Novice: 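Once you've had a glance at the structure underneath, I'll fire off some questions.
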2 protein chains.
Amino acid sequence: MISQSTSDKRKDLLTAALQLFVQYGFHGTPTSKIAKQAGVANGTLFHYYKTKEDLIVSLYIDIKTRMGEYIETKVPAGKKAKQMFKEQFTHVLLWSLENKDEFYFIQQFHTSPFAALLSPEEIKKQLSKSCHQIEEAIMEKAIKNRDVDFILTLLTSHTFGLNQYLAKTKLTKEQQLKTINDSFEMLWTMIS
Amino acid sequence: MISQSTSDKRKDLLTAALQLFVQYGFHGTPTSKIAKQAGVANGTLFHYYKTKEDLIVSLYIDIKTRMGEYIETKVPAGKKAKQMFKEQFTHVLLWSLENKDEFYFIQQFHTSPFAALLSPEEIKKQLSKSCHQIEEAIMEKAIKNRDVDFILTLLTSHTFGLNQYLAKTKLTKEQQLKTINDSFEMLWTMIS
DNA sequence: TTGTAGATTGACTAATCACTCTACAAAGAT
DNA sequence: ATCTTTGTAGAGTGATTAGTCAATCTACAA
């Protein structure tokens, strides 16, 4: 219960599921294959996750949490608006490049009927922080005075778009950083 | 062969498939349900489409073609770069609001393993026109001198993003148009 | 040592699915 | 009129799937 230094099947199942979902899609991946890839028996999967749906949603929450924690360690609070948005933007993209499967999965999940299974609280929890930052930036007149949701959508889609570009374009680390930088300045020009 | 004024089962099947795919996802929708909803027998579906995959890809191409045709009728060539991009942007968004299911399906399709089934020619055909317009705009110095693919990605993601916002936010027709306008001006500020 | 609670297994099941097959109807074409 | 092609139906098939279950194992507390 306390720790699993030798094996954490829960985690193994999520890892296996991620890899297979990204490759074959949700319904193209049978639970039997997930279990096999994770090195556990068929029934064990259902011991940890009541249903396949449960596994999918759990995986989504797990990834989102991990990304959130990563960003939190990298971006200290208390900076000026532009600097804060810039660091956040940059680190999300760096994370996405280091975790391509994870990032792709999030996109896949969002445009699937499973997205509807997320509890409203879960959604709120994920967005509240970003919304708050945007609200503050608007009050400081650092960014345009528009509907918070509108700004957030532009920010998010810009991020996903750039990720797609970086993922399919072969660039050196240096070029990638330059593109991210450039891209943020363009984004900032747009919303400020 | 020439026309089906009384019934076009091919079309009926696509219509039924679209509605069900959007609601339940690709694999969440059995071919039997598609056939039933289209008002034809199970086997008839496979007379028109060799496989379910074939049906999915055909539906995607059909939607893309219809959208392309719509834009073409609405946006005359030979205008200045900004005006042309603006009209194109606006009409894509208006179309997306009138054809929510279709637009959502395209997104769903893009982030699914089925996207890999598109032939390279099909992909090229879809992108070539936009790429060409961007190249010209760069040469005219109407927009920033960046990789064409980079610009295209920003444009596309901005469009999808705004669509998502408009789809989930209840606005009057007038407010929608205002938002589209505003959004384009922001986009143009960014890339010019 | 024994009791107990959770972990693990894999064979099993009931349902479902994509797709086939055969029969038949409609409509030209010769 | 007969042949041929094409459309349509829907029962049937073999494979696959999510999820179950009874049996065993493990760890550890009493």
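Naming: A, B, ... by sequence-line order, numbering from 1 per chain. If you're wondering where the values come from, they're calculated on a predicted model, not measured in any experiment.
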Novice: Identify the pairs formed between an N or O of the protein and an N or O of nucleotides 14-18 of chain D at a distance under 3.5 Å, and give each distance.
Specialist:
residue, atom, partner, partner atom, Å
D:dA18, OP1, A:Lys52, NZ, 2.7
D:dA18, OP2, A:Thr31, N, 2.8
D:dA18, OP2, A:Thr31, OG1, 2.9

Novice: Determine all donor-acceptor pairs shorter than 3.5 Å in which one atom belongs to a side chain in residues 117-124 of chain A; sequence neighbours excluded.
Specialist:
residue, atom, partner, partner atom, Å
A:Ser119, OG, A:Glu122, N, 3.2
A:Glu122, OE2, A:Gln126, NE2, 3.3

Novice: Quick one: is B:Thr44 getting a side-chain N or O under 4.0 Å of the D:dA9 phosphate, OP1 or OP2?
Specialist: yes

Novice: Would you kindly give the CG-to-C1' distance between B:Leu45 and C:dC21, to the nearest whole Å?
Specialist: 16 Å

Novice: Taking any strand in view, what nucleotide pairs with D:dA30 in a Watson-Crick or G-U wobble way, both distances under 3.5 Å?
Specialist: C:dT1

Novice: Using a 3.5 Å cut-off and no angle test, enumerate the donor-acceptor pairs between side-chain atoms of residues 93-100 of chain B and protein atoms at least two apart in sequence or in another chain.
Specialist:
residue, atom, partner, partner atom, Å
B:Ser96, OG, B:Leu93, O, 2.7
B:Ser96, OG, B:Asn163, ND2, 2.7
B:Asn99, ND2, B:Trp95, O, 2.8

Novice: Nearest nucleotide by nearest heavy atom, which residue falls closer to the 5' end of DNA chain D, B:Gly43 or B:Arg10?
Specialist: B:Arg10

Novice: Any luck finding a side-chain donor-acceptor pair between A:Thr172 and A:Gln175 under 3.5 Å?
Specialist: yes

Novice: B:Lys50: which residues meet the salt bridge (Lys or Arg N to Asp or Glu O under 4.0 Å) condition with it, sequence neighbours left out?
Specialist: none

Novice: Does C:dT8 have OP1 or OP2 under 4.0 Å away from a side-chain N or O of A:Tyr48?
Specialist: yes

Novice: Taking only residues two or more places apart in sequence, or in another chain, which ones meet A:Lys80 in a salt bridge (Lys or Arg N to Asp or Glu O under 4.0 Å)?
Specialist: none

Novice: Tell me yes or no: between the side chains of B:Ser157 and A:His158, is some donor less than 3.5 Å from an acceptor?
Specialist: no

Novice: Does a side-chain N or O from A:His47 land closer than 4.0 Å to OP1 or OP2 of C:dA7, or not?
Specialist: yes

Novice: In whole angstroms, how far is the P atom of C:dA18 from the CZ atom of B:Phe114?
Specialist: 10 Å

Novice: From CD1 of B:Ile34 over to C1' of C:dC17, roughly how many Å is that when rounded to an integer?
Specialist: 12 Å

Novice: Rounded to whole Å, how long is the line connecting atom NZ of B:Lys36 with atom C1' of C:dT16?
Specialist: 14 Å

Novice: Quick one: which residue pairs count as a side chain to side chain donor-acceptor pair (under 3.5 Å) with a foot in residues 24-41 of chain B, not counting sequence neighbours?
Specialist: B:Gln19-B:Gln37

Novice: Please output the side-chain donor-acceptor pairs of residues 61-73 of chain A that fall under 3.5 Å, not counting sequence neighbours, one pair per line with the distance.
Specialist:
residue, atom, partner, partner atom, Å
A:Asp62, OD2, A:Arg66, NH1, 2.8
A:Thr65, OG1, A:Ile61, O, 2.6
A:Arg66, NH2, A:Glu102, OE2, 2.8
A:Thr73, OG1, A:Tyr70, O, 2.7

Novice: With sequence neighbours left out, which residue pairs that include part of residues 116-153 of chain A fulfil the ring-ring contact (aromatic ring centres under 6.0 Å, His included) condition?
Specialist: A:Phe150-B:Tyr165

Novice: Enumerate the residues from residues 13-25 of chain A whose closest heavy atom to DNA chain C is under 4.0 Å, giving them by residue number; use none for an empty result.
Specialist: none

Novice: Grab the CG-P distance between B:Asp8 and D:dT8 for me, whole Å please.
Specialist: 9 Å

